[in-house]
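Read through the structure below, which is laid out as C-alpha coordinates, and then see the notes.
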Amino acid sequence: MAYPYTHEKETRVLSRGFGDPATRTLAGWKALEGYEGLRKALGMSREEVVETVKSSGLRGRGGAGFPTGVKWSFMPKEKKGPHYLCCNADESEPGTFKDRELLRWTPHQVIEGCLIGAYAMQAEHVYIYCRGEFFEAVQVLAKALEEAYAANLAGEDILGSGVSIDVTIHSGAGAYICGEETALMNSLEGRRGLPRIKPPFPAAVGAFGKPTTINNVETLAAIPHILRHGGEWYRQWGTERSPGTKLFCVSGHVKLPGNYELPLGFPMKELIYDVCGGFHEGRSLKAVIPGGSSVPLMNAEECESCTLDYEGVVKAGSMLGCASVIVMDDTANVVKQVRRMVDFYAHESCGQCTPCREGTQWTARILKRIETGKGTEEDLDTLLELGVQMTGTTICVLSDSAAAPVASSIAKFRDDYLALIRRGERVGAA
Ligand SMILES: Cc1cc2nc3c(=O)[nH]c(=O)nc-3n(C[C@H](O)[C@H](O)[C@H](O)COP(=O)(O)O)c2cc1C
Ligand code: SF4
(Lines give C-alpha, C1' and ligand atoms only; values in the text may rest on other atoms or scores of the structure.)
(Ligands and ions follow the chains in the order given, each with its own letter.)
Protein backbone atom coordinates (compact mmCIF):
# COMPACT_ATOMS: atom_id res chain seq x y z
CA MET A 1 0.00 0.00 0.00
CA ALA A 2 1.44 3.39 -1.01
CA TYR A 3 0.15 6.86 -1.89
CA PRO A 4 -1.38 7.36 1.20
CA TYR A 5 -3.77 4.47 0.51
CA THR A 6 -4.36 2.35 -2.56
CA HIS A 7 -6.53 -0.73 -3.08
CA GLU A 8 -6.25 -3.80 -5.28
CA LYS A 9 -9.72 -3.10 -6.69
CA GLU A 10 -8.53 0.17 -8.18
CA THR A 11 -7.94 0.63 -11.91
CA ARG A 12 -5.13 3.13 -11.91
CA VAL A 13 -5.04 4.83 -15.28
CA LEU A 14 -4.96 8.53 -14.39
CA SER A 15 -3.60 7.96 -10.89
CA ARG A 16 -0.83 5.54 -11.91
CA GLY A 17 1.86 8.05 -11.00
CA PHE A 18 0.34 9.20 -7.70
CA GLY A 19 2.89 9.01 -4.90
CA ASP A 20 5.85 8.69 -7.28
CA PRO A 21 7.85 11.94 -7.55
CA ALA A 22 9.46 10.64 -10.78
CA THR A 23 6.15 11.10 -12.63
CA ARG A 24 6.45 14.83 -12.08
CA THR A 25 9.37 14.97 -14.48
CA LEU A 26 9.26 14.73 -18.25
CA ALA A 27 11.47 11.63 -18.16
CA GLY A 28 9.16 9.97 -15.63
CA TRP A 29 6.05 10.76 -17.65
CA LYS A 30 7.69 9.56 -20.87
CA ALA A 31 8.55 6.29 -19.12
CA LEU A 32 4.77 5.80 -18.84
CA GLU A 33 4.41 6.43 -22.59
CA GLY A 34 3.81 10.09 -21.90
CA TYR A 35 3.32 12.45 -24.87
CA GLU A 36 2.63 9.47 -27.17
CA GLY A 37 -1.03 10.56 -27.18
CA LEU A 38 -0.01 14.04 -28.33
CA ARG A 39 2.31 12.63 -30.99
CA LYS A 40 -0.51 10.44 -32.28
CA ALA A 41 -3.05 13.28 -32.20
CA LEU A 42 -0.78 15.56 -34.22
CA GLY A 43 -0.68 12.89 -36.92
CA MET A 44 -4.47 12.85 -37.12
CA SER A 45 -6.89 15.45 -38.43
CA ARG A 46 -8.56 17.64 -35.81
CA GLU A 47 -11.92 16.07 -36.62
CA GLU A 48 -10.49 12.60 -36.05
CA VAL A 49 -9.28 13.61 -32.60
CA VAL A 50 -12.74 14.93 -31.70
CA GLU A 51 -14.33 11.74 -33.04
CA THR A 52 -11.96 9.59 -30.97
CA VAL A 53 -12.93 11.47 -27.80
CA LYS A 54 -16.61 11.18 -28.76
CA SER A 55 -16.26 7.44 -29.28
CA SER A 56 -14.76 6.98 -25.81
CA GLY A 57 -17.93 8.38 -24.25
CA LEU A 58 -15.80 10.40 -21.78
CA ARG A 59 -18.04 12.73 -19.74
CA GLY A 60 -16.84 15.97 -18.14
CA ARG A 61 -15.49 15.42 -14.64
CA GLY A 62 -16.16 18.96 -13.40
CA GLY A 63 -19.62 18.03 -12.14
CA ALA A 64 -22.22 18.11 -14.89
CA GLY A 65 -21.00 15.01 -16.76
CA PHE A 66 -21.51 16.50 -20.24
CA PRO A 67 -19.93 14.38 -23.04
CA THR A 68 -16.51 15.91 -23.76
CA GLY A 69 -16.25 15.06 -27.47
CA VAL A 70 -19.68 16.59 -28.10
CA LYS A 71 -18.64 19.73 -26.21
CA TRP A 72 -15.48 20.01 -28.30
CA SER A 73 -17.55 19.72 -31.48
CA PHE A 74 -19.45 22.91 -30.53
CA MET A 75 -16.36 25.02 -31.26
CA PRO A 76 -16.53 26.79 -34.66
CA LYS A 77 -14.99 24.74 -37.47
CA GLU A 78 -14.17 27.86 -39.44
CA LYS A 79 -11.59 29.92 -37.63
CA LYS A 80 -12.13 33.67 -37.75
CA GLY A 81 -9.83 34.63 -34.86
CA PRO A 82 -8.24 33.13 -31.75
CA HIS A 83 -9.73 30.08 -30.02
CA TYR A 84 -8.99 29.27 -26.39
CA LEU A 85 -9.04 26.25 -24.12
CA CYS A 86 -9.29 26.79 -20.36
CA CYS A 87 -8.33 24.00 -18.03
CA ASN A 88 -10.44 24.44 -14.92
CA ALA A 89 -8.14 23.77 -11.95
CA ASP A 90 -10.01 25.97 -9.49
CA GLU A 91 -11.12 22.92 -7.48
CA SER A 92 -12.73 24.33 -4.32
CA GLU A 93 -15.89 22.27 -3.79
CA PRO A 94 -15.97 21.00 -0.19
CA GLY A 95 -14.92 17.34 -0.20
CA THR A 96 -13.09 17.54 -3.53
CA PHE A 97 -9.34 16.98 -3.80
CA LYS A 98 -8.69 15.02 -7.00
CA ASP A 99 -7.55 17.75 -9.41
CA ARG A 100 -4.93 18.93 -6.95
CA GLU A 101 -3.47 15.41 -6.90
CA LEU A 102 -3.47 15.15 -10.69
CA LEU A 103 -1.60 18.45 -10.90
CA ARG A 104 0.94 17.76 -8.19
CA TRP A 105 1.76 14.16 -9.16
CA THR A 106 1.12 14.04 -12.90
CA PRO A 107 1.49 17.60 -14.25
CA HIS A 108 2.60 16.35 -17.69
CA GLN A 109 -0.55 14.24 -17.96
CA VAL A 110 -2.62 17.42 -17.59
CA ILE A 111 -0.40 19.44 -19.95
CA GLU A 112 -0.55 16.70 -22.59
CA GLY A 113 -4.36 16.57 -22.31
CA CYS A 114 -4.49 20.36 -22.71
CA LEU A 115 -2.28 20.30 -25.80
CA ILE A 116 -4.36 17.57 -27.47
CA GLY A 117 -7.58 19.44 -26.66
CA ALA A 118 -6.15 22.69 -27.99
CA TYR A 119 -5.06 20.99 -31.21
CA ALA A 120 -8.51 19.42 -31.69
CA MET A 121 -10.29 22.75 -31.21
CA GLN A 122 -7.78 24.94 -33.07
CA ALA A 123 -6.92 26.81 -29.89
CA GLU A 124 -3.57 28.53 -30.01
CA HIS A 125 -3.57 29.26 -26.31
CA VAL A 126 -4.40 27.21 -23.22
CA TYR A 127 -5.00 28.83 -19.85
CA ILE A 128 -4.70 26.57 -16.82
CA TYR A 129 -6.71 28.43 -14.19
CA CYS A 130 -5.51 27.21 -10.78
CA ARG A 131 -7.10 27.64 -7.40
CA GLY A 132 -5.26 30.40 -5.52
CA GLU A 133 -4.32 28.09 -2.64
CA PHE A 134 -2.64 25.48 -4.87
CA PHE A 135 0.86 26.69 -4.00
CA GLU A 136 2.71 23.38 -4.34
CA ALA A 137 0.66 22.17 -7.32
CA VAL A 138 1.36 25.38 -9.24
CA GLN A 139 5.09 25.11 -8.60
CA VAL A 140 5.15 21.50 -9.81
CA LEU A 141 3.04 22.39 -12.84
CA ALA A 142 5.22 25.40 -13.75
CA LYS A 143 8.35 23.25 -13.64
CA ALA A 144 6.72 20.62 -15.85
CA LEU A 145 5.60 23.28 -18.31
CA GLU A 146 9.14 24.62 -18.55
CA GLU A 147 10.33 21.11 -19.38
CA ALA A 148 7.60 20.70 -22.00
CA TYR A 149 8.60 23.98 -23.70
CA ALA A 150 12.30 23.03 -23.60
CA ALA A 151 11.48 19.69 -25.28
CA ASN A 152 9.40 21.40 -28.01
CA LEU A 153 6.24 19.73 -26.71
CA ALA A 154 4.63 23.16 -26.22
CA GLY A 155 5.14 26.51 -27.95
CA GLU A 156 6.17 27.02 -31.57
CA ASP A 157 5.94 24.25 -34.17
CA ILE A 158 5.36 21.41 -31.70
CA LEU A 159 7.46 18.35 -32.63
CA GLY A 160 7.89 19.80 -36.11
CA SER A 161 4.17 19.50 -36.84
CA GLY A 162 3.64 23.12 -37.79
CA VAL A 163 1.18 23.42 -34.89
CA SER A 164 1.91 26.10 -32.27
CA ILE A 165 0.19 26.14 -28.87
CA ASP A 166 1.11 28.26 -25.88
CA VAL A 167 0.16 27.36 -22.33
CA THR A 168 -0.21 29.88 -19.49
CA ILE A 169 -0.73 29.05 -15.83
CA HIS A 170 -3.00 31.55 -14.12
CA SER A 171 -3.49 31.55 -10.35
CA GLY A 172 -6.85 32.68 -9.01
CA ALA A 173 -7.32 34.57 -5.77
CA GLY A 174 -9.15 31.88 -3.81
CA ALA A 175 -12.80 32.46 -4.76
CA TYR A 176 -14.95 29.33 -5.18
CA ILE A 177 -17.19 31.06 -7.70
CA CYS A 178 -14.28 31.39 -10.16
CA GLY A 179 -14.63 27.64 -10.77
CA GLU A 180 -17.90 28.40 -12.56
CA GLU A 181 -16.80 28.55 -16.17
CA THR A 182 -18.00 32.04 -17.08
CA ALA A 183 -16.76 33.55 -13.79
CA LEU A 184 -13.44 31.85 -14.52
CA MET A 185 -13.22 33.64 -17.87
CA ASN A 186 -14.10 37.01 -16.32
CA SER A 187 -11.41 36.49 -13.69
CA LEU A 188 -8.91 35.49 -16.37
CA GLU A 189 -9.67 38.73 -18.19
CA GLY A 190 -8.88 40.68 -15.03
CA ARG A 191 -12.51 41.43 -14.15
CA ARG A 192 -14.41 40.46 -11.02
CA GLY A 193 -15.20 36.76 -10.97
CA LEU A 194 -18.92 37.12 -11.70
CA PRO A 195 -20.77 34.41 -13.66
CA ARG A 196 -22.15 35.59 -17.00
CA ILE A 197 -25.66 35.05 -18.29
CA LYS A 198 -25.81 32.27 -20.91
CA PRO A 199 -26.36 32.41 -23.87
CA PRO A 200 -24.04 33.31 -25.40
CA PHE A 201 -22.24 30.08 -24.55
CA PRO A 202 -18.44 30.04 -24.29
CA ALA A 203 -17.99 28.12 -27.57
CA ALA A 204 -19.44 31.19 -29.32
CA VAL A 205 -18.34 34.04 -27.04
CA GLY A 206 -15.86 32.98 -24.38
CA ALA A 207 -12.62 34.32 -22.93
CA PHE A 208 -11.73 37.74 -24.38
CA GLY A 209 -14.91 37.44 -26.46
CA LYS A 210 -13.51 34.51 -28.49
CA PRO A 211 -14.65 30.89 -28.88
CA THR A 212 -13.55 29.01 -25.76
CA THR A 213 -13.97 25.59 -24.22
CA ILE A 214 -13.60 25.02 -20.49
CA ASN A 215 -12.72 21.54 -19.25
CA ASN A 216 -11.99 20.13 -15.86
CA VAL A 217 -8.46 18.90 -15.00
CA GLU A 218 -9.55 15.25 -14.66
CA THR A 219 -11.38 15.38 -18.00
CA LEU A 220 -8.24 16.61 -19.75
CA ALA A 221 -6.02 14.14 -17.87
CA ALA A 222 -8.00 11.26 -19.42
CA ILE A 223 -7.41 12.54 -22.98
CA PRO A 224 -3.79 11.34 -23.54
CA HIS A 225 -4.81 7.76 -22.66
CA ILE A 226 -7.84 7.86 -24.95
CA LEU A 227 -5.74 9.14 -27.84
CA ARG A 228 -3.00 6.60 -27.23
CA HIS A 229 -5.28 3.57 -26.98
CA GLY A 230 -8.55 4.60 -28.69
CA GLY A 231 -12.14 5.18 -27.62
CA GLU A 232 -13.09 1.48 -27.44
CA TRP A 233 -10.22 0.78 -25.07
CA TYR A 234 -11.57 3.40 -22.65
CA ARG A 235 -14.99 1.76 -22.77
CA GLN A 236 -13.67 -1.49 -21.28
CA TRP A 237 -14.44 0.14 -17.92
CA GLY A 238 -17.65 1.64 -16.63
CA THR A 239 -21.13 1.35 -18.03
CA GLU A 240 -22.62 2.00 -21.46
CA ARG A 241 -23.64 5.56 -20.57
CA SER A 242 -20.88 6.27 -18.03
CA PRO A 243 -17.73 4.75 -19.51
CA GLY A 244 -14.22 4.79 -18.11
CA THR A 245 -12.58 5.19 -14.74
CA LYS A 246 -13.18 7.97 -12.25
CA LEU A 247 -11.29 9.37 -9.29
CA PHE A 248 -13.41 9.15 -6.15
CA CYS A 249 -12.30 11.45 -3.32
CA VAL A 250 -13.61 9.90 -0.16
CA SER A 251 -13.67 11.86 3.09
CA GLY A 252 -15.46 11.70 6.41
CA HIS A 253 -15.88 8.85 8.84
CA VAL A 254 -14.31 5.96 6.92
CA LYS A 255 -11.07 4.38 8.15
CA LEU A 256 -9.12 4.96 4.92
CA PRO A 257 -10.20 8.22 3.28
CA GLY A 258 -8.43 9.30 0.09
CA ASN A 259 -8.46 9.30 -3.70
CA TYR A 260 -9.35 6.00 -5.36
CA GLU A 261 -9.60 5.42 -9.10
CA LEU A 262 -12.37 2.97 -9.90
CA PRO A 263 -14.45 2.01 -12.91
CA LEU A 264 -17.68 3.97 -13.06
CA GLY A 265 -20.57 1.80 -11.88
CA PHE A 266 -18.60 0.54 -8.85
CA PRO A 267 -20.97 -0.26 -5.93
CA MET A 268 -21.05 2.47 -3.30
CA LYS A 269 -21.12 0.03 -0.40
CA GLU A 270 -18.03 -1.73 -1.71
CA LEU A 271 -16.26 1.62 -1.86
CA ILE A 272 -17.17 2.45 1.73
CA TYR A 273 -16.75 -0.93 3.42
CA ASP A 274 -14.10 -2.61 1.33
CA VAL A 275 -11.90 -0.02 -0.38
CA CYS A 276 -12.13 2.55 2.43
CA GLY A 277 -12.13 0.05 5.30
CA GLY A 278 -15.59 0.84 6.67
CA PHE A 279 -16.25 2.55 10.00
CA HIS A 280 -14.64 2.41 13.42
CA GLU A 281 -15.86 -0.20 15.91
CA GLY A 282 -19.54 0.06 16.77
CA ARG A 283 -20.39 2.76 14.25
CA SER A 284 -22.73 2.49 11.26
CA LEU A 285 -23.57 4.36 8.08
CA LYS A 286 -25.89 7.32 8.44
CA ALA A 287 -25.53 9.54 5.37
CA VAL A 288 -23.50 10.04 2.21
CA ILE A 289 -23.05 13.09 0.03
CA PRO A 290 -21.88 11.36 -3.16
CA GLY A 291 -20.80 14.22 -5.40
CA GLY A 292 -19.33 17.11 -3.43
CA SER A 293 -21.33 19.45 -1.26
CA SER A 294 -23.67 20.59 -4.06
CA VAL A 295 -25.75 17.44 -4.34
CA PRO A 296 -28.61 15.96 -2.26
CA LEU A 297 -27.74 13.85 0.78
CA MET A 298 -28.45 10.12 0.68
CA ASN A 299 -29.56 8.00 3.60
CA ALA A 300 -28.25 4.51 4.40
CA GLU A 301 -31.14 2.80 2.62
CA GLU A 302 -30.48 4.72 -0.60
CA CYS A 303 -26.80 3.74 -0.49
CA GLU A 304 -27.67 0.05 -0.22
CA SER A 305 -27.78 -0.78 -3.94
CA CYS A 306 -26.38 2.47 -5.37
CA THR A 307 -23.81 2.14 -8.14
CA LEU A 308 -21.37 4.97 -8.67
CA ASP A 309 -22.11 6.06 -12.21
CA TYR A 310 -24.03 9.12 -13.41
CA GLU A 311 -27.30 7.23 -13.84
CA GLY A 312 -26.92 4.98 -10.79
CA VAL A 313 -26.58 7.84 -8.33
CA VAL A 314 -29.54 9.71 -9.84
CA LYS A 315 -31.60 6.54 -9.52
CA ALA A 316 -30.60 6.33 -5.85
CA GLY A 317 -31.77 9.88 -5.14
CA SER A 318 -28.77 12.18 -5.69
CA MET A 319 -26.13 13.09 -8.30
CA LEU A 320 -22.57 11.94 -8.97
CA GLY A 321 -21.31 15.53 -9.42
CA CYS A 322 -17.51 15.44 -9.22
CA ALA A 323 -17.60 12.14 -7.26
CA SER A 324 -16.46 13.54 -3.94
CA VAL A 325 -17.96 11.06 -1.53
CA ILE A 326 -18.48 12.51 1.96
CA VAL A 327 -19.39 9.69 4.36
CA MET A 328 -21.04 10.22 7.75
CA ASP A 329 -21.51 7.62 10.46
CA ASP A 330 -24.24 7.57 13.11
CA THR A 331 -22.37 10.06 15.32
CA ALA A 332 -22.78 12.82 12.70
CA ASN A 333 -25.07 15.74 13.34
CA VAL A 334 -26.62 16.25 9.91
CA VAL A 335 -27.99 19.69 10.76
CA LYS A 336 -24.53 20.91 11.73
CA GLN A 337 -22.97 19.51 8.56
CA VAL A 338 -25.60 21.11 6.34
CA ARG A 339 -25.31 24.43 8.19
CA ARG A 340 -21.55 24.42 7.61
CA MET A 341 -22.04 23.80 3.90
CA VAL A 342 -24.60 26.58 3.60
CA ASP A 343 -22.26 28.94 5.49
CA PHE A 344 -19.72 28.17 2.79
CA TYR A 345 -22.14 28.99 -0.03
CA ALA A 346 -23.33 32.15 1.72
CA HIS A 347 -19.72 33.30 1.96
CA GLU A 348 -18.91 32.38 -1.65
CA SER A 349 -22.05 33.78 -3.32
CA CYS A 350 -20.98 36.54 -5.71
CA GLY A 351 -24.11 38.49 -4.79
CA GLN A 352 -25.43 39.23 -8.30
CA CYS A 353 -28.75 37.38 -7.89
CA THR A 354 -31.18 38.20 -5.08
CA PRO A 355 -32.40 34.61 -4.46
CA CYS A 356 -28.79 33.49 -3.97
CA ARG A 357 -27.42 36.51 -2.10
CA GLU A 358 -30.36 36.71 0.30
CA GLY A 359 -31.38 33.05 0.23
CA THR A 360 -28.01 31.63 1.25
CA GLN A 361 -27.67 34.18 4.08
CA TRP A 362 -31.15 33.55 5.46
CA THR A 363 -30.84 29.79 5.12
CA ALA A 364 -27.57 29.91 7.05
CA ARG A 365 -29.13 32.02 9.81
CA ILE A 366 -32.17 29.78 10.21
CA LEU A 367 -30.02 26.66 10.29
CA LYS A 368 -27.83 28.20 12.98
CA ARG A 369 -30.96 29.02 14.95
CA ILE A 370 -32.12 25.41 14.76
CA GLU A 371 -28.66 24.06 15.58
CA THR A 372 -28.48 26.14 18.73
CA GLY A 373 -31.90 24.96 19.96
CA LYS A 374 -33.76 28.15 19.07
CA GLY A 375 -35.63 26.88 16.02
CA THR A 376 -39.25 25.93 15.43
CA GLU A 377 -40.97 23.40 13.18
CA GLU A 378 -42.22 26.32 11.12
CA ASP A 379 -38.58 27.10 10.30
CA LEU A 380 -38.41 23.84 8.36
CA ASP A 381 -41.23 25.01 6.07
CA THR A 382 -39.49 28.36 5.66
CA LEU A 383 -36.26 26.60 4.70
CA LEU A 384 -38.06 24.49 2.10
CA GLU A 385 -39.84 27.53 0.67
CA LEU A 386 -36.53 29.40 0.47
CA GLY A 387 -35.05 26.42 -1.36
CA VAL A 388 -37.80 26.51 -3.96
CA GLN A 389 -37.14 30.20 -4.58
CA MET A 390 -33.39 29.60 -4.82
CA THR A 391 -33.64 26.84 -7.43
CA GLY A 392 -33.63 27.57 -11.16
CA THR A 393 -33.95 31.32 -10.65
CA THR A 394 -30.36 32.54 -10.82
CA ILE A 395 -27.48 33.14 -13.23
CA CYS A 396 -25.46 30.13 -12.11
CA VAL A 397 -26.27 27.04 -10.04
CA LEU A 398 -24.45 28.01 -6.85
CA SER A 399 -27.84 28.94 -5.47
CA ASP A 400 -29.35 25.55 -6.41
CA SER A 401 -26.30 23.87 -4.90
CA ALA A 402 -26.89 25.52 -1.54
CA ALA A 403 -30.57 24.57 -1.53
CA ALA A 404 -30.14 20.88 -2.48
CA PRO A 405 -28.53 19.61 0.76
CA VAL A 406 -31.04 21.55 2.88
CA ALA A 407 -34.16 20.17 1.19
CA SER A 408 -32.81 16.62 1.02
CA SER A 409 -31.69 16.64 4.66
CA ILE A 410 -35.10 17.85 5.84
CA ALA A 411 -36.78 15.14 3.75
CA LYS A 412 -34.45 12.33 4.82
CA PHE A 413 -33.22 13.35 8.29
CA ARG A 414 -36.17 15.32 9.64
CA ASP A 415 -35.76 13.64 13.03
CA ASP A 416 -32.33 15.26 13.44
CA TYR A 417 -33.94 18.67 12.99
CA LEU A 418 -36.87 17.83 15.28
CA ALA A 419 -34.53 16.55 18.02
CA LEU A 420 -32.73 19.91 18.11
CA ILE A 421 -35.99 21.88 17.95
CA ARG A 422 -37.59 19.82 20.76
CA ARG A 423 -34.52 19.93 22.93
CA GLY A 424 -34.63 23.73 22.62
CA GLU A 425 -38.34 23.74 23.50
CA ARG A 426 -37.68 21.61 26.61
CA VAL A 427 -35.01 23.92 27.99
CA GLY A 428 -37.07 26.96 27.03
CA ALA A 429 -34.54 28.35 24.57
CA ALA A 430 -37.17 29.07 21.92
C1 LIG B 1 -20.28 27.51 -8.39
C2 LIG B 1 -19.60 26.58 -9.34
C3 LIG B 1 -18.29 26.19 -9.11
C4 LIG B 1 -17.63 25.32 -9.99
N5 LIG B 1 -16.35 24.93 -9.71
C6 LIG B 1 -15.71 24.12 -10.57
C7 LIG B 1 -14.35 23.75 -10.33
O8 LIG B 1 -13.73 24.15 -9.34
N9 LIG B 1 -13.76 22.94 -11.23
C10 LIG B 1 -14.41 22.48 -12.36
O11 LIG B 1 -13.83 21.79 -13.17
N12 LIG B 1 -15.69 22.82 -12.60
C13 LIG B 1 -16.35 23.62 -11.75
N14 LIG B 1 -17.62 24.00 -12.03
C15 LIG B 1 -18.23 23.54 -13.31
C16 LIG B 1 -17.74 24.42 -14.47
O17 LIG B 1 -18.64 25.52 -14.60
C18 LIG B 1 -17.72 23.67 -15.80
O19 LIG B 1 -18.96 23.07 -16.01
C20 LIG B 1 -16.62 22.61 -15.89
O21 LIG B 1 -15.35 23.14 -15.62
C22 LIG B 1 -16.64 21.99 -17.28
O23 LIG B 1 -15.67 20.99 -17.40
P24 LIG B 1 -16.03 19.52 -17.86
O25 LIG B 1 -16.92 19.62 -19.06
O26 LIG B 1 -14.71 18.91 -18.17
O27 LIG B 1 -16.72 18.87 -16.69
C28 LIG B 1 -18.31 24.85 -11.14
C29 LIG B 1 -19.64 25.24 -11.38
C30 LIG B 1 -20.27 26.08 -10.48
C31 LIG B 1 -21.68 26.48 -10.76
S1 SF4 C 1 -26.37 32.24 -8.29
FE2 SF4 C 1 -25.18 33.20 -6.68
S3 SF4 C 1 -23.06 32.86 -7.22
FE4 SF4 C 1 -24.28 32.42 -9.06
S5 SF4 C 1 -24.30 34.37 -10.16
FE6 SF4 C 1 -26.08 34.39 -8.87
S7 SF4 C 1 -25.42 35.39 -6.95
FE8 SF4 C 1 -23.60 34.82 -8.08
Side-chain angles (χ1 to χ4, degrees), residues 53 58-72 74 85-100 102-103 110 113-114 117 121 127-134 172 174-188 192-198 201-203 206 212-223 244 246-247 249 291-295 310 319-324 341-342 344-361 363 389-404:
V53 176
L58 172 69
R59 294 172 65 167
R61 306 304 195 208
F66 192 82
T68 306
V70 177
K71 188 171 184 173
W72 287 10
F74 293 156
L85 169 65
C86 294
C87 171
N88 192 341
D90 195 45
E91 185 177 64
S92 328
E93 175 102 346
T96 311
F97 43 87
K98 61 183 181 69
D99 297 342
R100 180 193 64 198
L102 286 165
L103 292 168
V110 180
C114 288
M121 291 179 278
Y127 292 97
I128 307 182
Y129 187 103
C130 294
R131 174 179 171 161
E133 294 89 342
F134 278 178
Y176 168 69
I177 193 58
C178 290
E180 194 282 334
E181 58 187 20
T182 57
L184 182 152
M185 293 187 295
N186 271 344
S187 168
L188 192 64
R192 278 183 66 191
L194 302 177
R196 302 175 183 172
I197 292 173
K198 292 188 269 190
F201 291 97
T212 303
T213 287
I214 301 96
N215 275 132
N216 173 255
V217 169
E218 188 186 351
T219 313
L220 290 165
I223 297 294
K246 174 86 192 76
L247 284 167
C249 338
S293 60
S294 310
V295 305
Y310 293 95
M319 289 184 289
L320 186 67
C322 42
S324 314
M341 288 190 293
V342 174
F344 170 81
Y345 289 115
H347 184 260
E348 299 296 334
S349 166
C350 81
Q352 284 189 102
C353 320
T354 308
C356 176
R357 184 184 63 245
E358 297 296 321
T360 52
Q361 292 289 343
T363 305
Q389 292 180 27
M390 288 164 65
T391 304
T393 55
T394 53
I395 297 174
C396 84
V397 294
L398 183 143
S399 183
D400 309 50
S401 305

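Computed over heavy atoms, backbone and side chain alike; hydrogens, waters and symmetry mates excluded. Numbering of ligands and ligand atoms starts at 1, following listing order.
- A distance-only check finds no donor-acceptor pair linking the side chain of Q389 to the backbone of G359 [under 3.5 Å].
- The protein heavy-atom contact nearest to atom 23 (O) of ligand 1 is N216 N, 3.2 Å.
- In this structure, the protein non-hydrogen atom closest to atom 1 (C) of ligand 1 is Y176 CE2, 3.6 Å.
- Residues satisfying the side-chain hydrogen bond (donor to acceptor under 3.5 Å, both in side chains) test with T391, not counting sequence neighbours, are none.
- For ligand 1, the atoms closer than 4.0 angstrom to any heavy atom of N215 are 23 (O), 24 (P), 25 (O), 26 (O).
- Side-chain atoms of S324 do not come within 3.5 Å of backbone N or O of C249 as any donor-acceptor pair.
- Looking at residues two or more places apart in sequence or on another chain, you find no side-chain hydrogen bond (donor to acceptor under 3.5 Å, both in side chains) involving D400.
- When the options E93, R131, K71, E180 are ranked by their closest heavy atom to atom 2 (C) of ligand 1, first place goes to E180.
- Of the protein's heavy atoms, N88 OD1, 3.7 Å lies nearest to atom 7 (C) of ligand 1.
- The backbone N or O of C356 sits less than 3.5 Å from a side-chain atom of T360, completing a donor-acceptor pair.
- Considering only non-hydrogen atoms, atom 16 (C) of ligand 1 lies nearest to G179 out of G179, G62, A175.
- Shown in contact with E181 at under 4.0 Å from a heavy atom are these atoms of ligand 1, numbered in order with element: 16 (C), 17 (O), 18 (C), 19 (O).
- In the vicinity of V397, heavy-atom distances shorter than 4.0 Å reach the ligand 1 atoms 31 (C).
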Under 3.5 Å, which donor-acceptor pairs do the side chains of residues 85-94 form with other protein atoms, sequence neighbours left out?
unit_1 : atom_1 : unit_2 : atom_2 : d
N88    : OD1    : D90    : N      : 3.2
N88    : ND2    : G179   : O      : 2.7
D90    : OD2    : G179   : N      : 2.8
E91    : OE1    : D99    : N      : 3.3
E91    : OE1    : R100   : N      : 3.0
E91    : OE2    : K98    : N      : 2.9
E91    : OE2    : D99    : N      : 2.8
S92    : OG     : D90    : O      : 2.4
E93    : OE1    : Y176   : OH     : 2.6
E93    : OE1    : S294   : OG     : 3.1
E93    : OE2    : S293   : N      : 3.1
E93    : OE2    : S294   : N      : 3.0
E93    : OE2    : S294   : OG     : 2.6

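- Around atom 8 (Fe) of ligand 2, protein atoms of type N, O or S found under 2.8 Å number 1.
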